[in-house]
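Written out below as structure tokens is the structure these notes cover.
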Amino acid sequence: MTTKTSARLAEEAGLSTELLKDLYTKMLITRQIDTSAIAMQREGVILAYSPLRGQEAAQIGSGVALDLARDFAFPTYRELGVAVAMGVDLVGYLASYVGIWHGGLYDPVASRFGSINAVVAGSVLHSVGWAKGAQLSGDGGVAVSYFGDGASSEGEVHEAMNLAGIDKLPVVFFCQNNGWAISLAAERQIAGGSVAARAAAYGIEGVQIDGNDVIAVLHATRQALARARAGEGPTVIEAMTYRAGPHSTSDDPGRYRSLDDEQTWLSKDPIASLADRLNAEGIADGQFFEAASAEAARAADAVRAGLVALTDRPGEELFDFVFANPTGALQEQKHAWQESMHD
């Protein structure tokens with residue numbers, strides 16, 4: 001009986017039981033590090049942080065779908081889960097919040113994960129530019145652009161989707177509709193009923209999915225990537241989820257939403273939901289869940305230790321990474337700075 005039900009879930013998702021377990025573990029690692037990051041901010045280890053609790057399924061499901069040999073993800077400032085899914089150096093990722101290097105210390109090119117972008121909707125424009133390059137090169141790469149429901153109201157999103165629709169660019173616009181544009185409810189700032197519905201105006205595909213179902217997210221993202229690779233153009237995926245915590249560590253969500261609302265969404269927790277499915281289908285047992293929890297705890301401890309060990313970057317980097325070919329004036333400034341350091 002167990003074998004039959006396990007096979008049913010795997011067949012439904014088109015996934016192996018091992019991948020289903022891996023999705024759960026990655027979601028748990030994300031949750032543990034996210035929780036730890038909030039604690040580290042309170043303790044002064046990092047300066048600020050934007051939590052993602054509740055959005056783990058949307059991020060892991062979409063991130064796992066990418067082909068790291070040719071695709072490229074463009075994050076905002078809340079995509080820790082995508083970084084986990086793509087194997088990004090997590091100390092390097094969170095280094096951005098330490099305040100010693102803007103955008104993170106990981107290698108965006110090698111990891112296929114763009115620098116952390118705090119400009120609302122900025123990553124959307126970048127993804128379309130990259131997608132145009134991928135289209136011209138013909139290498140089959142697809143850009144995945146992450147943004148929130150609040151960012152969807154920015155003019156940059158219109159410009160990006162319009163150009164992508166005209167040129168049928170290989171890009172997936174992945175909107176995590178977490179219910180709140182900081183303190184403004186989604187229904188008060190999204191005209192037309194949904195973000196996905198706007199896709200039709202640009203002549204592109206639009207789908208709205210349950211962002212708390214990691215299997216549904218993975219399936220929808222894979223379909224969108226396949227469409228893009230086949231030359232069928234962009235897709236807007238609107239993953240309906242919920243930001244269970246604050247917008248940032250300086251935010252108090254109790255000022256603008258009720259505890260009842262939070263509790264309703266907490267009952268739809270994506271990690272607990274997947275655990276229930278794995279358990280019910282006989283795919284995972286207590287031993288697996290215990291091992292996954294231990295792995296998540298080790299990952300969080302390692303990230304914390306790595307962040308604590310970080311030191312200030314060399315001052316020369318203020319000058320070295322301004323231009324590919326430094327100007328004479330910049331070189332003079334660098335020389336003057338170096339001389340002052342020896343005085």
Side-chain angles (χ1 to χ4, degrees), residues 22-56 59-60 63-64 66 68 72-119 123 146 244-251 271 290-322 334 337-338 340-343:
D22 186 55
L23 291 171
Y24 175 83
T25 302
K26 283 182 167 60
M27 289 169 65
L28 201 61
I29 289 172
T30 302
R31 173 72 60 85
Q32 188 69 43
I33 295 175
D34 184 65
T35 301
S36 177
I38 296 173
M40 285 190 285
Q41 190 278 329
R42 303 306 191 212
E43 297 166 17
V45 176
I46 59 178
L47 303 178
Y49 182 66
S50 297
L52 62 99
R53 184 182 179 91
Q55 298 178 221
E56 293 89 355
Q59 296 195 11
I60 296 298
V64 165
L66 272 65
L68 301 186
F72 208 102
F74 291 83
T76 66
Y77 45 80
R78 202 188 303 276
E79 269 69 60
L80 170 65
V82 182
V84 170
M86 295 178 66
V88 176
D89 169 28
L90 299 179
V91 174
Y93 174 88
L94 284 166
S96 183
Y97 296 100
V98 177
I100 60 173
W101 187 264
H102 184 69
L105 285 172
Y106 58 91
D107 184 343
V109 176
S111 65
R112 316 297 290 178
F113 183 84
S115 297
I116 296 172
N117 195 331
V119 178
S123 58
Y146 289 92
H247 171 73
S248 70
T249 45
S250 62
D251 176 39
I271 297 179
E290 185 176 325
S293 295
E295 182 176 347
R298 286 193 298 271
D301 288 344
V303 169
R304 181 188 179 91
L307 290 173
V308 170
L310 287 177
T311 57
D312 291 339
R313 301 297 301 173
E316 285 84 357
E317 290 183 349
L318 291 170
F319 308 94
D320 292 342
F321 299 110
V322 179
K334 179 179 179 180
W337 178 85
Q338 290 173 327
S340 70
M341 295 302 292
H342 294 302
D343 291 343

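No hydrogens, no waters, no symmetry mates; every other heavy atom, side chains included, goes into these values.
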Can L90 and L80 be said to form a side chain to side chain contact (heavy atoms under 4.5 Å, CB included), step by step?
CA-CA 8 Å; L90 299 179; L80 170 65; 4.1 Å; yes
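- The two residues G104 and S96 have their closest heavy-atom pair at N-CB, 3.5 Å.
- Using modelled atom types, one side-chain atom of E56 and one backbone atom of G54 make a donor-acceptor pair closer than 3.5 Å.
- With contacts defined as side-chain heavy-atom distances shorter than 4.5 Å, the pair R313/L318 does not qualify.
- Residues I271 and L28 form a side-chain contact, since some pair of their non-hydrogen atoms from C-beta on lies under 4.5 Å apart.
- At most 12 non-hydrogen atoms from other residues, nucleotides or ligands lie less than 6.0 angstrom from CD of E290.
- The shortest side-chain heavy-atom distance between N117 and T76 does not fall under the 4.5 Å cut-off.
- The distance from atom CD of E316 to atom CD of Q338, rounded to the nearest 0.5 Å, is 5.0 Å.
- Here the closest heavy-atom approach between residue A118 and residue Y77 is recorded as CA-CD2, 3.7 Å.
- Atom-to-atom distance recorded for L307:CG and I46:CD1 is 7.0 Å, nearest 0.5 angstrom.
- L94 is listed as a side-chain neighbour of I33, based on a closest heavy-atom distance under 4.5 Å.
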Exercise for the section: Could you give me the CA-CA distance, side-chain angles and deciding distance for L105 and L310, then say whether side chain to side chain contact (heavy atoms under 4.5 Å, CB included) is met? Expected result: CA-CA 11 Å; L105 285 172; L310 287 177; 4.2 Å; yes
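- Note: Y106 and Y93 have parallel aromatic rings, judged against thresholds of 30 and 60 degrees for the angle between ring planes.
- By the 4.5 Å heavy-atom criterion applied to side chains, T249 and Y97 are not counted as neighbours.
- Within the model, atoms OG of S36 and CG of D301 stand 7.5 Å from one another, a figure rounded to the nearest 0.5 Å.
- Closest non-hydrogen pair, A302 versus V91, comes out as O-CG2, 4.3 Å.
- Counting heavy atoms from C-beta outward, S123 and Y146 have side chains that stay 4.5 Å or more apart.
- Y49 places a side-chain heavy atom less than 4.5 Å from the side chain of D34.
- Here the CD1-CZ distance, from I29 to R298, works out to 9.0 Å after rounding to the nearest 0.5 Å.
- Note that CG of D107 and CZ of R112 are 10.5 Å apart. Values are rounded to the nearest 0.5 Å.
- Remark: M86 CE to F72 CZ distance equals 7.5 Å, nearest 0.5 Å.
- Between R78 and P51, the closest side-chain pair of non-hydrogen atoms falls below 4.5 Å.
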